[in-house]
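Accompanying notes for the structure given below.
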Amino acid sequence: MKKTILVTGGLGYIGSHTVVALQEQNVNVIVVDNLSNSIKEVARRITAITGIPVKLHIVDITDALALDAVFQQETIDGVIHFAAHKAVGESVRQPFKYYRNNIDGMITLQQVMQQNNVKTMVFSSSCTVYGDTRRSPIDETHPVTEAISPYGTTKLVCEQILKDLCKHGGFKGVILRYFNPVGAHSSACIGELPLGVPDNLVPYITQTAAGIREKLTVFGNDYDTPDGTNIRDYIHVVDLAKAHVKALDFAFGMQQNCEVFNLGAGKGYSVLDVIKAFEKVSGKELAYVIGARRAGDVEQIWADASKAEQLLNWTCQHDLDEMMETAWKWQMALTGC
Ligand code: NAD
Ligand code: WQD
């Protein structure tokens, strides 16, 4: 039977691509978003891609009454929970903003789910929970005790709450630890909308190439890596979105339980590799300088994503060039769709 899934943060970067992937698989989607880091127009753009209207509730998930009203109005089978603040640097400066939104949001959502007897959740976590890793690839058994920022702490706490509810509260949970999501939908209708100066590498690159930023600073080239720059596992957001559809099926098929999956391409690329791929696909020479290391950066980290391959039957289909190509196409098409 056709399932109805509540997607919190469904107008955001990863949420919007996931709503497209769900609608393409004939899943009925209800979106809850408070527009704190997105715009309503994204709903129209999703429909421009799939042809299916987006049922949107502009609600803050920390507002239990408003959230409960959504559950009363709709018949919901399960939840994919994206809604959270996500900027690591901001979380260091404003930790309570992160504890309140991300942890309160998770607790309120789960309480409302329980009241309405909805007990299946797919949760957006992050490779940041692995902290300052010394070896890669990282599999899901790697210790997660050393969060490197208040943002990372919120992900650890939320993971733990979901695990508790799976153990004692009859919940079924899938925790997805994303590595570095980049790129955009091939239509260029949806993509990442960074507010202000981007913290992340790829939006900084595309904004520099578009003339919005003067130049990119590469944060250090004296690391113990082949070219001296940091290594990350970049994953195309469309591959990531499709993994959520598989994770949801997996969650519905589980007994009361909680499973954790890494979602990455399973390959590491350096900052200079990313710049070269961008220059190749865009045909533009990128203005960049080598600067100092950024505090808190992990030297190198990439995923062992074999658990997701085996249990979710999921692998990445898009390579680094496609990530850069779609990120650039999105940057150039920001105003039109
Ligand atoms: P995003 O900011 O683009 O999307 C989050 C959405 O949630 C936004 O539309 C925002 O308006 C909404 N939101 C935030 N707080 C809310 C609240 N209290 N009530 C209702 N809506 C709220 O972020 P994203 O990049 O799409 O990330 C989605 C999830 O994935 C987050 O939980 C993030 O921590 C996690 N994640 C992201 C990355 C990444 O690099 N983008 C990596 C790992 C994990
Ligand atoms: C990638 C690489 C930088 C900007 C962050 C979060 C993590 C997860 C994913 C949410 C690093 C270098 C960057 C720039 C640069 N998000 N860089 N110049 O730090 O791997 O991960 O996003 O859960 O929690 O921490 O991603 O895109 O910021 O950086 O040289 O202007 O690019 O040093 O090596 P990061 P990023």
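First listed ligand is number 1; within each ligand, the first listed atom is number 1.
For the 3.5 Å distance criterion, the side chains of Ser124 and His81 fail to qualify, holding no donor opposite an acceptor. Side chains of Lys307 and Asn262: no donor on one and acceptor on the other come within 3.5 Å. Between the side chains of Glu159 and Ser125, at least one donor N or O lies within less than 3.5 Å of an accepting N or O. Residues His57 and Glu74 bring a donor and an acceptor atom of their side chains to less than 3.5 Å of each other.
By the 4.0 Å N-to-carboxylate-O rule, Glu41 lies close enough to Arg45 to be salt-bridged with it. A salt bridge is defined here as a Lys NZ or Arg NE, NH1 or NH2 lying under 4.0 Å from an Asp or Glu carboxylate O, and Asp33 with Lys40 fails to meet this definition. Between Arg177 and Glu259, no side-chain nitrogen of the basic residue sits less than 4.0 Å from a carboxylate oxygen of the acidic one, so the salt-bridge criterion is not met. Comment: Arg294 engages Asp297 in a salt bridge, judged by a side-chain N to carboxylate O separation of less than 4.0 angstrom. The pair Lys276-Glu279 does not count as a salt bridge, with every side-chain nitrogen at least 4.0 angstrom from each carboxylate oxygen.
Residues Thr229 and Tyr223 have side chains not in contact (no heavy-atom distance under 4.5 Å, counting atoms from C-beta outward).
Nearest protein heavy-atom neighbour of atom 29 (O) of ligand 2: Arg294 NH2, 3.4 Å. Looking from atom 20 (O) of ligand 2 to the surrounding protein, the closest heavy atom is Arg232 NE, 2.5 Å. Nearest non-hydrogen protein atom to atom 2 (C) of ligand 2 is Tyr234 OH, 3.6 Å. Ranking the protein heavy atoms by distance from atom 14 (C) of ligand 2 puts Phe219 CE1, 3.2 Å first. Nearest protein heavy-atom neighbour of atom 18 (N) of ligand 2: Thr217 O, 2.8 Å.
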Could you list, one pair per line, each nitrogen or oxygen of ligand 1 together with any protein nitrogen or oxygen closer than 3.5 Å, giving atom names and the distance rounded to 0.1 Å?
| residue | atom | partner | partner atom | Å |
| --- | --- | --- | --- | --- |
| ligand 1 | 2 (O) | Asn37 | ND2 | 2.6 |
| ligand 1 | 3 (O) | Tyr13 | N | 2.9 |
| ligand 1 | 9 (O) | Gly12 | N | 3.3 |
| ligand 1 | 9 (O) | Asp33 | OD1 | 3.2 |
| ligand 1 | 9 (O) | Asp33 | OD2 | 2.6 |
| ligand 1 | 9 (O) | Ser38 | OG | 2.7 |
| ligand 1 | 11 (O) | Asp33 | OD1 | 2.7 |
| ligand 1 | 11 (O) | Asn34 | OD1 | 3.4 |
| ligand 1 | 11 (O) | Ser36 | N | 3.0 |
| ligand 1 | 11 (O) | Ser36 | OG | 3.3 |
| ligand 1 | 11 (O) | Asn37 | N | 2.9 |
| ligand 1 | 11 (O) | Ser38 | OG | 3.3 |
| ligand 1 | 13 (N) | Asn34 | OD1 | 3.4 |
| ligand 1 | 15 (N) | Asn101 | ND2 | 3.1 |
| ligand 1 | 18 (N) | Asp60 | OD1 | 3.0 |
| ligand 1 | 18 (N) | Asn101 | OD1 | 2.8 |
| ligand 1 | 19 (N) | Ile61 | N | 3.0 |
| ligand 1 | 21 (N) | Asn34 | N | 3.1 |
| ligand 1 | 21 (N) | Asn34 | OD1 | 3.1 |
| ligand 1 | 25 (O) | Lys86 | NZ | 2.8 |
| ligand 1 | 26 (O) | Tyr13 | N | 3.2 |
| ligand 1 | 26 (O) | Ile14 | N | 2.8 |
| ligand 1 | 32 (O) | Phe82 | O | 2.8 |
| ligand 1 | 32 (O) | Lys155 | NZ | 2.8 |
| ligand 1 | 34 (O) | Tyr151 | OH | 2.6 |
| ligand 1 | 34 (O) | Lys155 | NZ | 3.0 |

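Residue Tyr151 touches ligand 2 through its side chain alone, judged by heavy-atom distances below 4.0 Å. Residue contacts with ligand 2, taken as heavy atom pairs separated by less than 4.0 Å, involve Leu216 solely via side-chain atoms from C-beta onward. When heavy-atom distances to ligand 2 are checked against a 4.0 Å cut-off, Val88 comes that close only through its side chain, counted from C-beta outward. Contact annotation for Leu201 and ligand 2: heavy atoms of both the backbone and the side chain come within less than 4.0 Å of the ligand. Counting heavy atoms under 4.0 Å from ligand 2, residue Asp199 touches it through the backbone alone.
The six-membered or imidazole ring of Tyr178 lies near that of His244, with a centre-to-centre distance under 6.0 Å. Aromatic rings from Phe250 and Phe261 are positioned such that their centres are separated by under 6.0 Å. A ring-centre distance under 6.0 Å is found for Trp328 and Phe278.
Surrounding NZ of Lys267 are at most 12 heavy atoms belonging to other residues, nucleotides or ligands under 6.0 Å away.
Counting the atoms of ligand 2 from 1 in the order shown, those under 4.0 Å from a heavy atom of Asn230 are 11 (C), 33 (O), 34 (O). For ligand 2 and Val271, the ligand atoms under 4.0 Å from any heavy atom of the residue are 12 (C), 30 (O), 32 (O), 34 (O). Atoms of ligand 2 found under 4.0 Å from any heavy atom of Asn180 (numbered from 1 in listed order, with element): 20 (O), 21 (O), 26 (O), 35 (P). Of all the atoms in ligand 2, the ones that sit under 4.0 Å from a non-hydrogen atom of Asp297 are 3 (C), 19 (O), 33 (O). Listed by number with element, the atoms of ligand 2 under 4.0 angstrom from any heavy atom of Val218 are 30 (O). For ligand 2, the atoms closer than 4.0 angstrom to any heavy atom of Ser126 are 8 (C), 10 (C), 23 (O), 24 (O). Proximity to Thr128 (heavy-atom distance under 4.0 Å) selects the following atoms of ligand 2: 24 (O).
By the ring-ring contact (aromatic ring centres under 6.0 Å, His included) test, Tyr151 is found to be paired with no residue, residues two or more places apart in sequence or in another chain being considered.
Polar contact with ligand 2: present for Asn200 (N/O pair, distance under 3.5 Å).
One option in Phe179, Tyr204, Tyr178 has a heavy atom closer to atom 9 (C) of ligand 2 than any other, and that option is Phe179.
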